[in-house]
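These notes concern the structure reproduced below.
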Amino acid sequence: MGYFEAYRDEKKLLCSKCHAACLNGCMKAGHRGCVDCKKGWLMNPEKGCLDIDECASSVAPCKVNEFCVNNDGSHSCLACDNSCQGCHGDGPDMCDKCADGYALKDGLCINKQSTTSQDWTRYLTYLGLCIATCIIFQKNTIVASIIGLSVAVYVAVSEYMLNSLSNQNQLFQNSIDSLMRE
């Protein structure tokens, strides 16, 4: 039991192992050849043993702060990212809600403290661009003015884009939160 006749002639008989889904043996190769199906599999008269997606059931198979991964004949529960309070996949971009100490930015839950340091770093970079422009072009005020104006426009557009993306992500997160509460 657990094997089927794959080849036979006058001199030899070759047996092969049944598919992992088979219970009580099999008649031929693959999940279609199973006599019965093991737990986690469903017998389909035309297609044989089909994997049951335990993750798609109406009752969540995993605990809070875990997400479900379907495996052949089973499932696994994996821990959510530390930045998440509930999730639907792996990583800080799959959070249902951000955990305490984390904020949603550009679709990711990131540490609030690192957000502040990243903002300071960005502002210091902008200041460095302005100072470098003044130092490099101190003898030619017209070129310095044009490049300085270009830097200012770049900074303004960058900040506008960062803020509008952040606001769109916050609206999206609020929509998801309201749907999850229903």
Is there side-chain contact between Phe4 and Ser16, with at least one heavy-atom pair below 4.5 Å?
-> yes
Can you tell me if CG on Leu124 sees more than 12 non-hydrogen neighbours from other groups inside 6.0 Å?
-> yes
From Leu78 atom CG to Phe67 atom CZ, the distance as rounded to the nearest 0.5 Å = 4.5 Å
Any donor-acceptor pair under 3.5 Å from Asn65 side chain to Gly86 backbone | yes
Rounded to the nearest 0.5 Å, what's the gap from SG on Cys37 to CG on Leu42? Could you check?
-> 7.0 Å
Look at the SG atom of Cys62 and the SG atom of Cys77, then say if they are under 2.5 Å from each other.
-> yes
Before giving the answer on side-chain contact (heavy atoms from CB on, under 4.5 Å), spell out for His88 and Asp96 the whole-Å C-alpha distance, their side-chain angles and the decisive distance to 0.1 Å.
-> CA-CA 7 Å; His88 51 276; Asp96 295 332; 3.0 Å; yes
Distance in Å, His75 NE2 paired with Ile52 CD1, rounded so as to fall on 0.5 Å steps = 12.0 Å
With respect to the side-chain SG atoms, do Cys18 and Cys26 come within less than 2.5 Å?
-> yes
Near Asn82 CG, under 6.0 Å, is it more than 12 heavy atoms from other residues, nucleotides or ligands?
-> no
Residue pair Lys38 / Leu23: nearest heavy atoms and the distance that separates them | N-CB, 3.8 Å
Would you give the length of the straight line joining atom NE2 of His19 to atom CZ of Arg32, rounded to the nearest 0.5 angstrom?
-> 11.5 Å
Apply side-chain contact (heavy atoms from CB on, under 4.5 Å) to Trp41 and Asp72, showing your working.
-> CA-CA 8 Å; Trp41 299 84; Asp72 282 344; 3.8 Å; yes
Would you say Cys49 and Cys22 have SG atoms less than 2.5 angstrom apart?
-> no
Can we say the SG-SG distance for Cys87 and Cys80 is below 2.5 Å?
-> yes
Ser57 (side chain) donor-acceptor with Glu54 (main chain) under 3.5 angstrom | yes
Where is the tightest heavy-atom contact between Pro61 and Cys55, given as atom of each residue plus distance?
-> CG-CA, 4.3 Å
Test: Arg8 and Glu5 ion pair at under 4.0 Å | yes
For Gly73, does its backbone N or O pair with a side-chain atom of Asp51 as donor and acceptor, under 3.5 Å?
-> yes
Note: His31 and Lys47 closest approach over all heavy atoms is ND1-O, 3.0 Å
CD on Glu66 to OG on Ser76, rounded to 0.5 Å | 10.5 Å
Taking Cys98 and Cys109, which are both Cys, do their SG atoms fall under 2.5 Å of each other?
-> yes
Could you tell me which non-hydrogen atom of Asp93 sits nearest to which non-hydrogen atom of Asp90, and how far apart they are?
-> OD1-O, 3.8 Å
Would you give the length of the straight line joining atom NZ of Lys12 to atom OH of Tyr7, rounded to the nearest 0.5 angstrom?
-> 6.0 Å
